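Everything on this sheet refers to the single structure shown next.
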Amino acid sequence: RCGKRRRRTSEEGRKHITMSSSPEIGLDPPNWEHLEELGHRMVTDMFKHLRERRDDAVWREQPKESVEFFRQALPQSAQPSEQVYRDYLQHVLPYSMGNTHPRFWGWVIGTNTPMGVLADMLAAVANPNCGGGSHSAIQVEKQVIDWCADVVGYERAACSGLLVGGCSSATWHCLAIARNQAGRTRGIGEHGLAQCSTSARLIFYTSVEQHMSIERAVQLLGLGVNNLRKISVDEQYAMRVDELRAAIEQDLASGFRPACVIATLGTVNSGAVDPLPEIVSLCREFGIWLHVDGAFGALLCLAPERRHLCEGLSHADSISFDLHKWLHVGYGTAVALTRHPQAHLETFHKGASYLENEHKGLSGGFWWPGMYGLQLSRGFSALRAWMTIKHYGTERLGALIDQNCEQAAYLARLVERTPKLELIAPVPMNIVCFRFVDPSLSLSLDEWNAFNRELLLDVQLSGVAVLSGVTLQGMTGLRAAICNHRTRRSDLDLTVTTILALAERRLTEPSPEQRRAKL
C-alpha cells in the first residue's frame, strides 16, 4: 500500500532460477556417427567434382527455378542435414563462378587446390578469432606473413604485415599508413585532415592504368580523388617517370605535400609493370612514400624466369598482394606489408581495457593482429595459406607462375597467326588482350567494339571458357588472365577455335533488327 516492494532474498532468487523446466539445448548433432558419414560423403563428392571439373561446363546460367529457390523465407524450423546438402548440390555447386575449371581466365581470379579445401575444413573446426591472444592460430598467421616478407625481399625483423580479405583491402591499409605518416606532424591521427590546410594538402600519385581500388581507397581515406594524380603511361602501359617527376615538382611549387606514389607490378588490364627502380629513386629523392600494388605481379618474385620484373620491389615502403591468385590459396587471402612496423602500429592501435595484452594466459601473446588493421574479429584464413605453401613449396608454385606466363605467350602467338584475331596490348606476363576484326567488312570502330562485347558473352554462355572484357586505346576486346594451375595449351587451342566459330556465327546470323524487319 505504501508502494514499497519486499526485496527478494538470495535464497528465493535461487529457487526462482531453478524453477524452469525447459531442457537446455545446443547445436551438436544428436547422432555424431550419422553426420560423420555425411561429412565423408561430402569430401568424396567434392574431390570427385574437382577431379572431373574439366569435363563440365566452365560456367552455366542459373535457371529461373534455382534463382527463385533463393527467395525463400527465413527458415524457422530445423531442416535435416541431408536436405541442406541436397539443396547445395542442386542449387549452389552447379552454378558456381567456375574458377576451379581449367579454362577459367576471367578478370584475375585464381583457382584452388585439394589441400586448400581440406585446410578450410580444419580451420573451421578450430574456429579461432585471430584478432589476438596466445594461441596457435596467431603463430600460423605470423609465419605466413614472415614467408610473404621473404618472398618480396623484406627483412622479417624490420617489417610488419597483416592478412586481409583481398588486395583492395590490403592497399587501403597500406595507404592509411602512408597518409598518417605524411600527416603526422599535422596531427592527422588526432585532428583529421582538417589540420592540413588547402596549401599543404596531401597528394597521391598513380598511373591511369591503376586498379579502381586505389581511387576508392583515396576517397575513403578522406583525401579526395582530386588529390590523386593519374600519370600517363607509355606504349607498354607502364607509368611514365618523366611525367611523374613533373607532377611532383608542380605540386611542390604550388605548396602541396607529395605524400605517396602508388606503382603497379602487373596492371589489371594488360599485366604491365611500372619501372620500379626509377620510381624508387624518385621517391627517395623527394622523400615520398612508395606503395606497390602487386596484386598478382608481386609473386613473380617466385618465378625463376621472370623475377627480374620485380627489381626494386624490396625498396618499397609498403606492398599489397593476393595469395588467392598465383598461390592458388582459397578466397579471400591477401597480405599488406610495410617496412615501417612502428608506423603500422601507430596507425591502427587503439587501447581498450577489454583488450589488454597481459603477460601470460590466453590474454597474453607476442602479437595481436587486431591492433594492426581495421578488423578485430578475424577468421583463420592463414591456415589455408600455411598448408598450401608447406604442401606444394615455393619452387613448384613459382614454376607454375612461369608456366602460366609461357601459356600466355603461346596464346599470343596463336592470336598473331590467326586471321581475324589481333592483339591489342603487349603480353609481358600472363594477360592476353585481343579482339576479333575482319578487315574485309566495312565496320566502324564502335561497331567492332560492340561486336566484341557480344562475342565475349557468347564465349561465356557457351560454357567452353570464361574470359573478361577490356578496352585499351579505344579498342574493346577479350582478355585472358591465366593464373590457373589446371590450364593446358590444348585448352587455349580449343578456346581460340571456339571464339572463331562463335564470331563467324554471329556475323552470318541475322541481327535482332533484321529478324524483326522480316516479320
Side-chain angles (χ1 to χ4, degrees), residues 26-54 56 75 78-102 104 109-131 133 135-145 147-148 162-166 322-335 369 375 377-394 396-397 400 483-486:
L27 296 175
D28 285 335
N31 187 328
W32 280 94
E33 289 75 17
H34 180 75
L35 189 60
E36 182 180 355
E37 181 183 340
L38 178 61
H40 281 296
R41 196 190 331 153
M42 288 178 177
V43 171
T44 299
D45 289 348
M46 293 308 103
F47 276 25
K48 182 175 185 291
H49 170 78
L50 290 176
R51 186 169 60 248
E52 299 175 356
R53 191 69 181 91
R54 174 180 293 280
D56 198 3
Q79 300 177 11
S81 54
E82 293 88 349
Q83 181 59 55
V84 175
Y85 181 48
R86 281 195 297 271
D87 289 343
Y88 170 81
L89 292 177
Q90 181 178 353
H91 297 292
V92 179
L93 186 62
Y95 310 109
S96 61
M97 188 174 202
N99 53 306
T100 59
H101 195 285
F104 187 99
I109 295 179
T111 182
N112 66 355
T113 66
M115 178 58 77
V117 171
L118 296 176
D120 276 351
M121 180 183 69
L122 297 179
V125 171
N127 192 36
N129 179 358
C130 293
H135 54 97
S136 58
I138 302 298
Q139 301 281 358
V140 171
E141 178 162 349
K142 187 61 172 68
Q143 185 166 58
V144 170
I145 290 170
W147 289 344
C148 290
L162 190 73
L163 294 186
V164 293
D322 285 314
L323 308 187
H324 54 227
K325 287 187 170 72
W326 252 342
L327 279 189
H328 312 289
V329 172
Y331 267 79
T333 319
V335 67
Q375 289 184 288
S377 298
R378 308 177 67 254
F380 197 8
S381 63
L383 188 65
R384 64 173 78 113
W386 189 75
M387 292 185 69
T388 296
I389 295 169
K390 284 176 68 68
H391 181 63
Y392 298 104
T394 56
R396 188 173 182 183
L397 293 168
L400 281 167
C483 46
N484 190 324
H485 66 86
R486 297 187 173 107

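This structure is a prediction, so every number in the text was calculated from the model and none was measured.
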Practice task
Any salt bridge (charged side-chain N to carboxylate O under 4.0 Å, His left out) involving residues 89-101? Give me the pairs, sequence neighbours left out, ordered by first then second residue.
Solution key: none
Fill in the blank from the handout: Here the pair of heavy atoms bringing Ala385 nearest to Thr333 is CB-CG2, 4.4 Å
Practice task
Report yes if some heavy atom in the side chain of Phe380 is under 4.5 Å from a heavy atom in the side chain of Leu122; otherwise report no.
Solution key: no
Problem - Leu50 and Val117, any side-chain heavy atoms less than 4.5 Å apart - result: yes
Exercise for the section: Might you point out which heavy atoms bring Gln90 and Tyr95 nearest each other, and give the distance in Å? Expected result: O-CE1, 3.5 Å
Fill in the blank from the handout: In this structure, CD1 of Ile389 is separated from OG1 of Thr394 (nearest 0.5 Å) by 8.5 Å
Handout entry: Residue pairs, two or more places apart or on separate chains, that pass side-chain hydrogen bond (donor to acceptor under 3.5 Å, both in side chains) and touch residues 109-125
Key = Thr111-Arg486, Asn112-Arg486, Asp120-Arg384
Completion exercise
In terms of heavy-atom contacts, Ala119 and Leu383 come closest through O-CD2, 3.5 Å
Donor-acceptor list for residues 30-48 side chains, cut-off 3.5 Å, not counting sequence neighbours:
from  : atom 1 : to    : atom 2 : distance (Å)
Asn31 : OD1    : Glu33 : N      : 3.1
Asn31 : OD1    : His34 : N      : 2.9
His34 : NE2    : Glu82 : OE2    : 2.1
Thr44 : OG1    : His40 : O      : 3.0
Asp45 : OD2    : Tyr85 : OH     : 2.6
Lys48 : NZ     : Glu52 : OE1    : 3.0

Exercise for the section: Determine, stepwise, if the pair Leu397 / His328 fulfils side chain to side chain contact (heavy atoms under 4.5 Å, CB included). Expected result: CA-CA 9 Å; Leu397 293 168; His328 312 289; 4.2 Å; yes
Handout entry: Working for side chain to side chain contact (heavy atoms under 4.5 Å, CB included), residues His49 and Leu93
Key = CA-CA 9 Å; His49 170 78; Leu93 186 62; 3.7 Å; yes
Handout entry: N/O donor-acceptor pair under 3.5 Å between Asn99 side chain and Gly110 backbone
Key = yes
Problem - Listed partners of Trp386 passing side chain to side chain donor-acceptor pair (under 3.5 Å), at least two apart - result: Gln143
Exercise for the section: Check the surroundings of atom CZ in Arg396: do more than 12 heavy atoms from other residues, nucleotides or ligands lie under 6.0 Å from it? Expected result: no
Problem - Stepwise side chain to side chain contact (heavy atoms under 4.5 Å, CB included) check, Val164 with Arg378 - result: CA-CA 9 Å; Val164 293; Arg378 308 177 67 254; 5.5 Å; no
Practice task
Provide the closest heavy-atom pair for Pro369 versus Ile138 in the form atom of the first, atom of the second, distance.
Solution key: CD-CD1, 3.8 Å
Problem - Atom of Cys130, atom of Glu141 and distance for their closest heavy-atom approach - result: CB-OE1, 4.0 Å
Problem - Heavy-atom closest pair, residues Asp322 and Ala334 - result: OD1-CB, 3.2 Å
Problem - Heavy-atom side-chain proximity of Leu323 to Cys148 below 4.5 angstrom - result: yes
Handout entry: With sequence neighbours excluded, residues passing ring pair (Phe, Tyr, Trp, His ring centres under 6.0 Å) with Tyr331
Key = His324
Handout entry: Interatomic distance, Asn484 atom CG to Phe104 atom CZ [nearest 0.5 angstrom]
Key = 9.0 Å
Handout entry: Contacts of type side chain to side chain donor-acceptor pair (under 3.5 Å), residue His485, not counting sequence neighbours
Key = none
